[in-house]
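A quick write-up on the structure given underneath.
We count ligands from 1, going down the list as the structure has it; atoms in each ligand are counted the same way.
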Amino acid sequence: MIIVRTIPELRTEVRRLRQEAERQSGRAEVGFVPTMGYLHEGHASLMRQAKEHCAVTVLSIFVNPIQFGPNEDLARYPRDEERDLKLAASLGIDIVFLPSPEEMYPQPTKTTIHVREVTEPLCGASRPGHFDGVTTVVAKLFHIVKPDRAYFGMKDAQQVAIIQQMVADLNFDVAIVPCPIVREADGLALSSRNVYLSGEERKQALGLSRSLRMAEEWLEQEPGLTAEEVKSRIRQVIGEAPLADIDYVDILTFPALQALPSGEPVGQAGSDVLIALAVRFGRTRLIDNRLFSRQGGRLCSVK
Ligand code: AMP
């Protein structure tokens, strides 16, 4: 596994491995997995997908300062480079790119990428500027790595919708591959931020995935429920945990992320539907979601 920390080295190594792969097998797709490190099985699932479909795999680990708000957890974001490198090596990743903030931003960036509309609801409303930081760094990483395919987790469903929009609008020559949410056996969605949770907070955080599973049952048995009714039931389930402080519970179309017509049954939505939540436990903010798609006239949970 090649470990590089500068942009010129990364470009040289990607070019070299791409040419080598082309010579050896005629296959030369570069697969890219951008992360902020402190890797877990969710990240590993993205890397496995990349390995399976691409001749050359690139992982980036960069805690991107411009996507954190002034009162967010940039300084305390968990880091463990040694453990991350071991995991990446065990999965057969070819190149790991570990740039410093100075390498990525030698001077304060005067250019940011802003995607309209899809950035406004959900996390966009509670984390102003966050998605501009995400799209700007992802655009930079795409220019640096030049991947054919890039792998993103549906854990961050809004991020997937935004990146897909950016790629379409700006003609990036890369296929975005959304990958399913990886969960603990008890349902908690894996996240680097789960290490912040106390034992009690972690127990109470199970309300997020439980409420989404319940929503799936409700929609199956009562397809006439409106978004308002489902949201209020979800709030009730999560609210049973005394430590839970709900940021949002929302039900939107996917990937446009628009509100469903008021009073209309969720089961009659004309597009895919995303139920998304953000809940604070102490200083830790957790997100989770479930995507539903129309199959044979019914709205079904996408596994
Ligand atoms: P992060 O390091 O949190 O920025 O995440 C890097 C990538 O891993 C993003 O595309 C995330 O959506 C994805 N990811 C994080 N957690 C999970 C999970 N539990 N399941 C699937 N993908 C995930």
What's the verdict on ring pair (Phe, Tyr, Trp, His ring centres under 6.0 Å) for His114 and Phe131, showing C-alpha distance, side-chain angles and the deciding distance? CA-CA 8 Å; His114 175 68; Phe131 286 120; over 10 Å; no
What are the atoms of ligand 1, with element, lying closer than 4.0 Å to any heavy atom of Pro34? 6 (C), 7 (C)
Go through ligand 1 atom by atom and flag the ones less than 4.0 Å from a non-hydrogen atom of His40. 15 (C), 16 (N), 17 (C)
Of Arg202, Arg210, Lys203, which is the lone residue that meets salt bridge (Lys or Arg N to Asp or Glu O under 4.0 Å) with Asp186? Arg202
Enumerated ligand 1 atoms positioned under 4.0 Å from heavy atoms of Ile181: 20 (N), 21 (C)
Fit a plane to each ring of Phe142 and Phe172, take the angle between them on a 0 to 90° scale, and name the class: parallel (under 30°), tilted (30 to 60°) or perpendicular (over 60°). perpendicular
Is atom CZ of Arg16 surrounded by more than 12 heavy atoms (other residues, nucleotides or ligands) closer than 6.0 Å? yes
When you measure from atom 20 (N) of ligand 1 to every protein heavy atom, which one gives the shortest distance, and what is it? Val182 N, 2.8 Å
Per-atom filter on ligand 1: closer than 4.0 angstrom to a heavy atom of Asp156 are 11 (C), 12 (O)
What is the nearest protein non-hydrogen atom to atom 23 (C) of ligand 1, stated with its residue, atom name and distance? Lys155 CB, 3.9 Å
Measuring from Gln268:CD to Thr226:OG1, what's the distance to the nearest 0.5 Å? 11.5 Å
Under 4.0 Å from one or more heavy atoms of Leu46, ligand 1 contributes atoms 7 (C), 8 (O), 10 (O), 13 (C), 22 (N)
Sort out for me which residue in Arg280, Arg193, Arg283 forms a salt bridge (Lys or Arg N to Asp or Glu O under 4.0 Å) with Asp73. Arg193
Of the side chain and backbone of Glu41, name the one, both, or neither that has a heavy atom under 4.0 Å from an atom of ligand 1. neither
Identify, by atom number and element, the atoms of ligand 1 in contact range of Gly153, meaning under 4.0 Å from any of its heavy atoms. 9 (C), 10 (O), 11 (C), 12 (O), 13 (C), 22 (N)
Tell me if the CD atom of Glu82 is crowded by more than 12 foreign heavy atoms within 6.0 Å. no
Below 4.0 Å from any atom of ligand 1, is there a heavy atom belonging to Met154? no
Considering only heavy atoms, does His43 approach ligand 1 within less than 4.0 Å through its side chain, its backbone, both, or neither? side chain
Heavy-atom contacts under 4.0 Å between Pro180 and ligand 1: side chain, backbone, both, or neither? backbone
Working to the nearest 0.5 Å, report the span between CD of Gln165 and CD1 of Ile176. 12.0 Å
With the threshold set at 4.0 Å, does a side-chain nitrogen-carboxylate oxygen contact exist between Glu228 and Lys231? yes
Looking at Met36, which atoms of ligand 1 are within less than 4.0 Å of one of its heavy atoms? 1 (P), 2 (O), 4 (O)
Heavy-atom contacts with Leu190 under 4.0 Å: which atoms of ligand 1 show up? List them by number with element. 16 (N), 17 (C), 18 (C), 19 (N)
